Amino acid sequence: MKHDVKFSIPERDLGNADIEFIVSGNGSRIGTLRISRGAIVWFPSGNSLGHQTTWKEFGEFMAQLPKSVNR
């Protein structure tokens, strides 16, 4: 399934500014992915509380998944 992904980057140093990706599918928002230097946070649509993980935890999680893409 193809998803629509939109993002905005604030006009300031990326080291101190989060980047947000708005993810939509079939015309409705699925959630927002917020990326910072210290963590990744997923906010499901309609929720103000997100699911947070560190970059280390994210890397460990992703390493457990089957490899299916080439760089």
Side-chain angles (χ1 to χ4, degrees):
M1 167 193 256
K2 179 183 170 196
H3 293 88
D4 296 319
V5 179
K6 297 181 183 181
F7 65 94
S8 64
I9 302 172
E11 286 191 33
R12 55 185 182 181
D13 292 336
L14 290 177
N16 296 322
D18 292 351
I19 299 173
E20 290 190 356
F21 293 88
I22 298 169
V23 182
S24 301
N26 294 329
S28 62
R29 182 181 285 196
I30 296 170
T32 302
L33 181 66
R34 183 177 295 162
I35 298 176
S36 69
R37 290 188 310 169
I40 302 169
V41 185
W42 173 254
F43 294 91
S45 180
N47 288 312
S48 59
L49 296 176
H51 305 277
Q52 180 173 327
T53 186
T54 65
W55 283 106
K56 181 179 179 186
E57 293 168 338
F58 177 73
E60 290 169 354
F61 170 75
M62 294 302 289
Q64 294 176 17
L65 297 176
K67 292 179 176 74
S68 61
V69 296
N70 292 322
R71 190 179 340 183

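All figures in this text were calculated on a predicted structure; none of them were measured in a lab.
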Please tabulate, for side-chain N and O atoms in residues 40-52, each donor-acceptor pair with protein atoms closer than 3.5 Å (sequence neighbours left out).
from	atom 1	to	atom 2	distance (Å)
S45	OG	R29	O	3.4

Check: How many angstroms lie between atom CE of M62 and atom OG1 of T53, to the nearest 0.5 angstrom?
Finding: 11.0 Å
Check: What ring pair (Phe, Tyr, Trp, His ring centres under 6.0 Å) pairs are there with at least one residue in residues 19-40, not counting sequence neighbours?
Finding: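 Those involving residues 19-40 are F7-F21.
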Margin query: I'd like to check the side-chain hydrogen bond (donor to acceptor under 3.5 Å, both in side chains) partners of S36; sequence neighbours left out, ordered by chain and number.
Written below: none
Next item on the list: Is it possible for you to say whether V5 and L33 belong to one hydrophobic cluster, with membership spreading through side-chain heavy-atom contacts below 4.5 Å?
Entry: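 Same hydrophobic cluster.
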